[in-house]
Amino acid sequence: SGVKILDEVLQAFNELKTRHTSRYLLLGLVNSDREIGVLKKAPLTAPYEEFLADLKAYQDQGRGVYGVYDIEYELESKQKRNKLVFVSWGPDNLPIRQRMLIASSKNDLRRKLQGVHKEMQASELGEITEDCMIEVCRQGDLGSN
């Protein structure tokens, strides 16, 4: 897509991955849609509902975004797990140019984010509930069923 990924994205991601300093990152198009930058670093105390509200707010602005969510969940054995989930958010009601930029830049961004465990793509909030994310994370976990 020709969209450049700013260094701040990789710095924020590596901080999230290694030090778990944020609950989630929101990444998106900046500088006249020529670059991908960090839009938000959510505090560890941020509830999942805030993540959904942020996605909805960007949708209302006619913008798609990417998220990296550090989700903690339990297996049936009560063992706790953390996984980083990459989310591509491109609702159907976005302008065509915006949807195309989000879709065409996704693979480049995703490749640079080494250490993401799971990936989700959503165009409506019902596709990305906390339960949906946990279910995606549990797939392939030993002791999860």
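Atoms considered below: every heavy atom in the structure, side chains included; atoms not considered: hydrogens, waters and symmetry mates.
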Keeping the roles fixed (side chain from [X], backbone from [Y]), state whether a donor-acceptor pair exists under 3.5 Å.
{"X": "R81", "Y": "I71", "value": "no"}
{"X": "K118", "Y": "M133", "value": "no"}
{"X": "R99", "Y": "L94", "value": "yes"}

Reported [atom1]-to-[atom2] distance for the pair [X] and [Y], which is rounded to 0.5 angstrom:
{"X": "L109", "Y": "S104", "atom1": "CG", "atom2": "OG", "answer": "11.5 Å"}
{"X": "Q114", "Y": "L84", "atom1": "CD", "atom2": "CG", "answer": "12.0 Å"}
{"X": "E72", "Y": "C137", "atom1": "CD", "atom2": "SG", "answer": "11.5 Å"}
{"X": "K80", "Y": "N82", "atom1": "NZ", "atom2": "CG", "answer": "9.5 Å"}
{"X": "L113", "Y": "L25", "atom1": "CG", "atom2": "CG", "answer": "9.0 Å"}
{"X": "K106", "Y": "E119", "atom1": "NZ", "atom2": "CD", "answer": "4.0 Å"}

Closest non-hydrogen atom pair between [X] and [Y], with its separation:
{"X": "V68", "Y": "L27", "result": "CG2-CD1, 4.3 Å"}
{"X": "V3", "Y": "L101", "result": "CG2-CD2, 4.0 Å"}
{"X": "G126", "Y": "C132", "result": "O-SG, 3.9 Å"}
{"X": "Q121", "Y": "E127", "result": "O-OE1, 4.2 Å"}
{"X": "L39", "Y": "R63", "result": "CD2-NH2, 3.8 Å"}

Residue pairs meeting salt bridge (Lys or Arg N to Asp or Glu O under 4.0 Å), one or both in residues 5-21, sequence neighbours left out, come to E15-R19

Contacts satisfying salt bridge (Lys or Arg N to Asp or Glu O under 4.0 Å) that involve residues 85-95 (not counting sequence neighbours) are none

Atom CD1 of I96: over 12 foreign heavy atoms under 6.0 Å:
no

Exercise. Please test L55 against L26 for side chain to side chain contact (heavy atoms under 4.5 Å, CB included), starting from the C-alpha separation and ending with a verdict.
Key: CA-CA 9 Å; L55 294 179; L26 287 181; 4.1 Å; yes

V38 and L6, any side-chain heavy atoms less than 4.5 Å apart | no

*Is there a side chain to side chain contact (heavy atoms under 4.5 Å, CB included) between S22 and D70 once you walk through the steps?*
CA-CA 8 Å; S22 302; D70 186 3; over 6 Å; no

Residue set satisfying ring-ring contact (aromatic ring centres under 6.0 Å, His included) with Y48, at least two apart, ordered chain then number -> F51, Y69

The complete set of ring pair (Phe, Tyr, Trp, His ring centres under 6.0 Å) pairs with one or both residues in residues 71-126, sequence neighbours excluded, reads Y66-F86

_Go through it in stages, so that I can follow the logic: the residues are K112 and D108, the test is side chain to side chain contact (heavy atoms under 4.5 Å, CB included), and I'd like the CA-CA distance, side-chain angles, deciding distance and then a yes or no._
CA-CA 7 Å; K112 293 214 184 233; D108 283 346; 5.8 Å; no

Inset, instruction - Verify side chain to side chain contact (heavy atoms under 4.5 Å, CB included) between V87 and Y24, making sure each step is shown before the conclusion. - result: CA-CA 10 Å; V87 176; Y24 63 90; over 6 Å; no

### Message
Please determine whether a side-chain nitrogen of the Lys or Arg among D60 and K56 lies less than 4.0 Å from a carboxylate oxygen of the Asp or Glu.
### Response
yes

The side chain to side chain contact (heavy atoms under 4.5 Å, CB included) partners of P95 (sequence neighbours excluded) come to Q98

Listed pairs under 3.5 Å, donor-acceptor, residues 28-37 side chains, sequence neighbours left out:
from, atom 1, to, atom 2, distance (Å)
N31, ND2, E35, OE1, 2.2
D33, OD2, R97, NH1, 2.9

